[in-house]
Amino acid sequence: MQEVGFSYLSELNEKQRQAVEHIHGPVMVIAGPGSGKTRVLTYRIAHLINSGIAPWNILTLTFTNKAAREMKERIEKVVGQRANRMWAGTFHSIFARILRVEAHLIGYPNDFTIYDTDDSKSLIREITKTLGLDPKVYNNGAVRSRISGAKSNLITPKLYAENDDLMSLDRMNRRPMTYKIYEKYAARCKRAGAMDFDDLLLQMFRLLYENPNDVRTKYQMQFQYLLVDEFQDTNFLQFEILKLLTEYEGSQQNICIVGDDAQSIYSFRGATIENILQFENSYMNVATYKLEQNYRSTQSIVEAANSLIKFNKNQIQKKIWTDRLDGDKIKLIKVMTDSEEGRRVADGILEQKNRYHLANKEIAILYRTNGQSRIFEEWLRKYNIAYRIYGGTSFYQRKEVKDCIAYMRLTINPKDDEALKRVINYPRRGIGKTTIEQLIQIADDNNVSIWDCLTTIQFNGRAKQKLGKFVQLIQAMQQHAQAENAYKAALFIVRQSGIIDLLKADNSIEGKGRVENVTSLLDGIQEFVEDDEIVADEAIPVDKSMASFLQTISLMTDQDENKDNIDTVTMMSVHAAKGLEYKSVFVVGLEENLFPSFMALSSPDQIDEERRLFYVAITRAEQYLTLSYANSRYQYGNMRFNDPSRFLEELPESSMDNTVLKKSPSAGFGEPKIIGNFARKPAKAPVLQIDPSTFVATAMNKIKEGDNVLHLKFGKGEVLSIDERFVASIRFEQLNANAEKRIMLQYAKLQVLD
DNA sequence: GGGGGCTATGGGGGG
DNA sequence: CATAGCCCCC
């Protein structure tokens with residue numbers, strides 16, 4: 001066992017220490033904001049490992065992949081590299097990884113496609129049409145969320161049709177045939193070898209449930225210790241899977257859940273606060289620990305949060321407190337228009353940067369809806385403040401990027417009908433609507449995928465030749481994907497499909513942006529292929545296939561695109577800010593109909609959720625909290641007038657800064673112009689002082705322990721050890737002295753120095 | 001089969 | 001306002 005450099009137990013308060021040391025049996029930790037929840041989780045895992053539990057017997061389910069990665073890095077500092085053999089990730093990514101090995105047992109290909117929300121909706125639309133239903137009544141978004149809700153509650157299409165409550169609600173909404181769409185939708189996904197996000201959970205459940213003797217036992221034995229973060233945002237199905245993993249003859253039920261009912265903000269996607277409330281009833285002898293001391297925020301902020309959350313009906317009783325009496329009171333910016341709000345917030349940021357010497361990355365602007373980002377973007381650009389927007393229409397949702405990805409999906413899984421429909425006639429190759437509709441019909445009649453139709457049925461006339469050429473194109477792509485790495489295969493796809501030529505023909509600014517986006521996608525794949533650093537589990541062979549790339553990008557969360565080393569102001573939705581903290585936070589758009597959202601106004605439960613969301617927003621702030629609202633703003637083309645948010649009145653007078661703000665110092669800027677639609681690329685790795693032209697990579701068999709090496713990304717370092725799989729542990733000068741990077745020599749960009 | 005232009009409609013949060 | 005879907009015309 002590796003010597004521990006310091007005693008982690010001494011870094012914990014009494015309650016935290018108890019939660020860390022209680023390693024056997026079910027444990028529930030109720031953790032208020034900033035109460036050291038992450039610290040408890042990481043030290044608990046470190047403690048498990050130091051107690052002799054094998055890392056690969058530990059499964060940690062987090063809310064983002066980034067959170068999992070950071071947790072591993074922190075644990076590594078305490079117990080050393082073996083920490084990397086533990087399993088940690090989101091529910092979706094861990095289950096996807098397991099299903100990639102086991103899916104054939106439940107009738108899916110191991111190379112299954114993951115359907116995103118758009119794929120699901122377009123499939124639902126198609127089914128609605130073939131059933132002869134009115135697509136306006138059967139709104140695909142509404143139907144999708146019904147199906148999603150059913151799946152999240154383990155309701156099969158058959159059970160759905162037998163469920164009076166569900167059926168009568170559908171009748172009330174004039175959508176009585178929803179159950180039929182659900183049935184067809186499930187069959188079509190299966191036929192396409194595709195899983196939607198809910199399926200990653202549902203099929204994982206099926207896998208365990210239907211294979212009780214072998215597979216279920218295997219994973220029960222594997223995951224002896226379970227930790228679940230943000231438990232308040234799990235749904236019924238997720239809890240059922242956890243139960244399957246922990247409930248068996250002789251189980252010690254070593255499950256530790258961490259959460260805060262006051263921060264439950266995902267009921268719209270099926271999360272139920274019931275899970276946290278029912279946990280104590282689901283297991284025998286649950287030990288509960290409440291973490292109530294807030295180490296993050298100052299008095300004003302904690303007081304405001306406490307006062308606010310009291311307006312909610314139901315909650316687990318707790319008293320959040322802080323001993324940080326320093327810090328400013330909460331400022332409120334009141335303005336007439338949304339544009340003015342943008343300017344005043346930018347002013348505020350500039351002022352804080354000057355007065356308190358804040359770095360950009362210590363500041364965040366949080367909003368209720370992603371659409372609000374544009375105005376702040378304009379003003380920050382005007383003020384030359386570097387910013388980064390998370391979420392919203394992300395890079396991978398851009399049309400040109402999705403088109404390329406659809407070809408890749410089709411190459412990996414030709415049964416993927418949604419991908420096929422997207423590209424069969426893009427770029428144009430003379431396969432028209434009629435032909436495609438016929439194809440869909442034939443596929444449906446024979447209950448096979450469209451691809452199977454294309455390759456088995458003889459067509460006549462014009463269509464025959466055109467369809468034949470398309471099949472040949474995809475087959476050529478498949479051959480390249482087999483023979484070459486993901487980058488080269490992607491390059492072939494982008495060129496041979498004709499996409500890149502088509503985009504290059506458009507010389508407008510937008511057109512150039514699209515070409516740039518495709519280039520960025522290719523760069524991203526190359527980076528994926530060439531990356532020599534191991535960040536995931538050592539136990540699992542590194543998979544650099546195109547299928548692996550596709551899985552990675554479809555399960556990325558908004559926070560996962562974060563590159564910490566870039567000094568930018570963060571802009572994101574409050575939902576996306578969950579779990580994060582900033583020295584200074586601006587929560588903007590505090591108006592009725594916006595925050596709380598107009599969608600929530602009719603239901604007290606939904607207002608409570610909006611309030612919890614606001615609670616999450618203000619508790620992200622460590623030291624400076626600024627709130628703002630505008631009397632009027634443009635929404636969907638119209639000027640709207642809204643009252644200040646009711647939540648503002650729920651904050652205590654004593655926390656608020658009531659001094660009248662001086663007129664903004666920068667009133668000379670005038671109204672911002674709307675600047676063109678710039679392509680937003682994923683952030684590149686930071687620039688290093690290494691000259692690539694003099695860099696010569698050393699062959700892997702020439703690198704040995706004790707060598708001083710130069711790495712293109714991490715700079716100078718020393719090779720500490722090399723294991724049997726040619727993974728080198730290297731300590732880099734410019735990184736934290738405790739952090740060792742594990743570099744795969746097979747892909748390494750290392751130069752041995754004399 | 002392809003393209004252009006018009007209209008209706010949505011309108012939130014995300015793995 | 002943005003966009004999807006539709007109709008109509010070539």
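Numbers restart at 1 for each chain; the letters A, B, ... are given by sequence-line order, proteins then strands.
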Under 4.0 Å protein heavy-atom contacts per nucleotide of nucleotides 1-10 of chain C, with B for base, S for backbone only and - for none: B---S-----

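- Comparing atom distances between the A:Thr435 side chain and each of B:dG1, B:dG11, B:dG14 picks out B:dG1 as nearest.
- What separates CD of A:Glu609 from P of B:dG14 is a distance of 13 Å, to the nearest Å.
- Both A:Met599 and A:Thr117 sit near DNA chain B, but only A:Met599 has its closest nucleotide nearer the 5' end.
- Listed candidates were B:dG11, B:dG15, B:dG14. Nearest to the side chain of A:Tyr266 is B:dG14.
- Among the heavy atoms of the strands lying under 4.0 Å from A:Ile431 are primed sugar atoms or P, OP1, OP2 only; no base atom is included.
- A:Glu609 and A:Ser264 share no donor-acceptor pair across their side chains, judged by distance under 3.5 Å alone.
- A salt bridge links A:Lys66 to A:Glu70: one of the charged nitrogens lies within less than 4.0 Å of a carboxylate oxygen.
- Put simply, A:Phe268 rests on the base of B:dG13: the two rings are less than 5.5 Å apart at their centres and nearly parallel, under 30°.
- Across all strands shown, A:Glu610 has heavy atoms under 4.0 Å from base atoms, whether or not it also approaches the sugar-phosphate.
- At least one test fails for A:Arg188 against the ring of A:Tyr185: distance under 6.0 Å to the centre or angle within 45° of the axis.
- Between A:Phe223 and A:Trp87, the two ring planes are perpendicular [angle over 60°; tilted spans 30° to 60°].
- Atom CG of A:Leu207 is separated from atom CE of A:Met204 by 5.5 Å, given to the nearest 0.5 angstrom.
- Counting heavy-atom neighbours within 6.0 Å of A:Lys399 NZ, excluding the residue itself, gives a total above 12.
- A straight line from CG of A:Asn642 to C1' of B:dG11 spans 13 Å, rounded to a whole angstrom.
- In this structure, A:Glu592 places its CD atom 21 Å from P of B:dG11, rounding to the nearest Å.
- A:Ser573 comes within 4.0 angstrom of sugar-phosphate atoms only, judged by non-hydrogen atoms across all strands, and of no base.
- One N or O donor and one acceptor, one from the side chain of A:Asp198 and one from the base of B:dG15, sit under 3.5 Å apart.
- A:Phe91 comes within contact range of no nucleotide atom at all, as no heavy-atom separation falls under 4.0 Å.
- Here the side chain of A:Arg428 is nearest to one of B:dG3, B:dG10, B:dG13, namely B:dG3.
- Figure legend: A:Lys402 and A:Tyr396 shown without cation-pi pairing, the cationic atom not lying both under 6.0 angstrom from the six-membered ring centre and within 45 degrees of its axis.
- Contact annotation: A:Asn370 does not reach the phosphate of B:dG12 (side-chain N/O to OP1 or OP2, under 4.0 Å).
- Closest to the A:Thr369 side chain, of the nucleotides B:dG14, B:dG15, B:dG12, is B:dG12.
- Distance A:Glu591 CD to B:dG11 P: 20 Å, rounded to the nearest Å.
- Within the 4.0 angstrom heavy-atom criterion, only backbone atoms of the sugar-phosphate kind lie near A:Asn425; the bases stay farther away.
- With respect to A:Asp196 and A:Arg144, no salt bridge is recorded, no charged nitrogen being found less than 4.0 Å from a carboxylate O.
- Residue contacts shown for A:Arg144 include a base, since a base heavy atom lies under 4.0 Å away.
- Sparse packing is recorded around OH of A:Tyr209, with 12 or fewer heavy atoms of other residues, nucleotides or ligands lying under 6.0 Å away.
- Electrostatic pairing of A:Glu102 and A:Arg97 does not count as a salt bridge here, judged by no charged N lying under 4.0 Å from a carboxylate O.
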Dot-bracket line, read 5' to 3' along DNA chain B, where crossing pairs take [ ] and | marks a partner on another strand, Watson-Crick or G-U under 3.5 Å: ||||||||||.....

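- Contact annotation: A:Thr434 reaches the phosphate of B:dG1 (side-chain N/O to OP1 or OP2, under 4.0 Å).
- The distance from atom CZ of A:Phe595 to atom C1' of B:dG12 is 11 Å, rounded to the nearest whole Å.
- In this structure, the CD atom of A:Gln372 is 12 Å from the C1' atom of B:dG13, given to the nearest Å.
- Note: CG (A:Leu201) to C1' (B:dG15) measures 8 Å, nearest angstrom.
- Closest approach to the A:His92 side chain among B:dG14, B:dG15, B:dG11 is made by B:dG15 (side chain taken as heavy atoms from C-beta onward).
- Separating the CZ atom of A:Phe197 from the C1' atom of B:dG13 is a distance of 14 Å, rounded to the nearest angstrom.
- Considering only side-chain atoms of A:Arg368, the nucleotide from B:dG15, B:dG13, B:dG11 that sits closest is B:dG13.
- Geometrically, A:Lys243 engages A:Phe239 in a cation-pi contact defined by less than 6.0 Å to the ring centre and at most 45° from the axis.
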